[in-house]
Amino acid sequence: MAERLRFPPLAREMAAEFAGTMILILFGVGVVAQVAAGGIGDHDSIAWAWGIGVTLGVYVSAAISGGHINPAVTFALAVFNRFSWRKVLPYCAAQTAGAFVAALLVRWNYTEVLAKADPGHTIKTQGVFTTLPGNGTLPVSMWGGFRDQIIGTAILLFVVMALTDLRNLPPLSNLTPVIIGLLVVGIGMAWGTDAGYAINPARDFGPRLAQYLTGYGGAWRDQYGDLYFWVPIIGPLAGAVIGAGLYLFLIGRNLPPEPAPETRPETKPEYDVQP
């Protein structure tokens, strides 16, 4: 009976990406709601909860789908022939849907708190769900946010490629998701000022859509009134390709060949970016 109930292969992978991204957003958007609207916590708790969300989201999904939980990861791997182009759109759709559903859950659960903190559902609490240049308060322009998203996502992919390359001493004993979570904590602590470190198109667009459908009429624009929603989509996609390409150029091509199967480490990294 259980075997008959299993999804087809691609559907299983999409379900895993949906679930993994949903877990990521439940922790990430949830903590920002708690800090910004509830007054509990600070920047450090936001950075740590996002990192924990990444770790848990990858653990949830890695065995089935590779644990991308980020369209920028999926896209960059396809560009460099580490992933099938046929699966790119399904993966991205599943990731965005997972982020959307998770954001709706956070929006519902924090209904009363958000209404008290910001009765008009304005720019004051828009950052709970989506990113803004300068986090909505500092003098960073839309193009400054775009630059930031390219750089931040390039860092993410450069290090992810290093952590998951079997030729490059990757973490063993299924610890790769933990290290990737710490990477996201580090990016949040060092690169969170200019644009809120979305570094993930699904992480921003899914919650932005949920936000718009639940009363945030200005969800697509920034504090200057500029149409901003495209920045955390295009910026991470471009930055991911740059970061992955730099890794392959500077490190990947200079490593020895992958070891034969009988000499490989027994534990394969969970966050799988191999072909």
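Computed from a predicted model, the values in this text were never measured in an experiment.
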**Report entry** Nearest-0.5 Å distance that lies between atom CD1 in I52 and atom CD1 in I23
**Finding:** 13.0 Å
**Report entry** Partner of W50 by side chain to side chain contact (heavy atoms under 4.5 Å, CB included), out of V32, T55, I199, I187
**Finding:** V32
Report summary line: Exactly one of L132, V140, L227 clears side chain to side chain contact (heavy atoms under 4.5 Å, CB included) with D222, and that residue is L132
Query raised in the report: Would F27 and W48 count as a close aromatic pair, with their ring centres under 6.0 Å?
Result: no
Report task. Give a yes or no on whether the ring-centroid distance for F83 and F75 is below 6.0 angstrom. Result -> no
Query - Separation between CZ of F100 and CG of L213, rounded to the nearest 0.5 Å - result: 5.5 Å
Query raised in the report: Looking only at side chains, do D204 and T130 share a donor and an acceptor under 3.5 Å apart?
Result: no
Report task. Taking all non-hydrogen atoms of both residues into account, name the closest pair between S45 and V31 and its distance. Result -> O-CG2, 3.7 Å
**Report entry** Positive for side-chain hydrogen bond (donor to acceptor under 3.5 Å, both in side chains) with T74, one of K87, R82, H68
**Finding:** H68
**Report entry** Least distance between heavy atoms, A19 atom then V60 atom
**Finding:** CB-CG1, 4.0 Å
Query raised in the report: Counting heavy atoms not belonging to W108, are there more than 12 under 6.0 Å from its CH2?
Result: no
Requested in this report: Test side-chain contact (heavy atoms from CB on, under 4.5 Å) on Q126 and H121 and set out the steps.
Outcome: CA-CA 7 Å; Q126 184 174 324; H121 301 313; over 6 Å; no
Query raised in the report: Taking the six-membered ring of Y110 as reference, does the NZ or CZ atom of R107 fall below 6.0 Å from its centre and within a 45° cone about the axis?
Result: no
**Report entry** Mutual orientation of the aromatic rings belonging to F229 and W220 [parallel < 30°, tilted 30-60°, perpendicular > 60°]
**Finding:** perpendicular
Report summary line: When every non-hydrogen atom of Y197 is compared with those of A47, the smallest separation belongs to OH-CA, 3.4 Å
**Report entry** Side-chain donor-acceptor contact under 3.5 Å, D165 with Y247
**Finding:** yes
Query raised in the report: Near F80 CZ, under 6.0 Å, is it more than 12 heavy atoms from other residues, nucleotides or ligands?
Result: yes
Requested in this report: Just do the side-chain contact (heavy atoms from CB on, under 4.5 Å) check on N200 and L24 with the steps written out, would you?
Outcome: CA-CA 11 Å; N200 181 336; L24 163 63; 3.8 Å; yes
Query raised in the report: When W143 is tested against each of Y224, W230, Y228 for ring pair (Phe, Tyr, Trp, His ring centres under 6.0 Å), which residue passes?
Result: W230
Report task. Go through the steps to decide whether L156 and N70 satisfy the test side-chain contact (heavy atoms from CB on, under 4.5 Å), and finish with yes or no. Result -> CA-CA 11 Å; L156 174 70; N70 183 342; 3.8 Å; yes
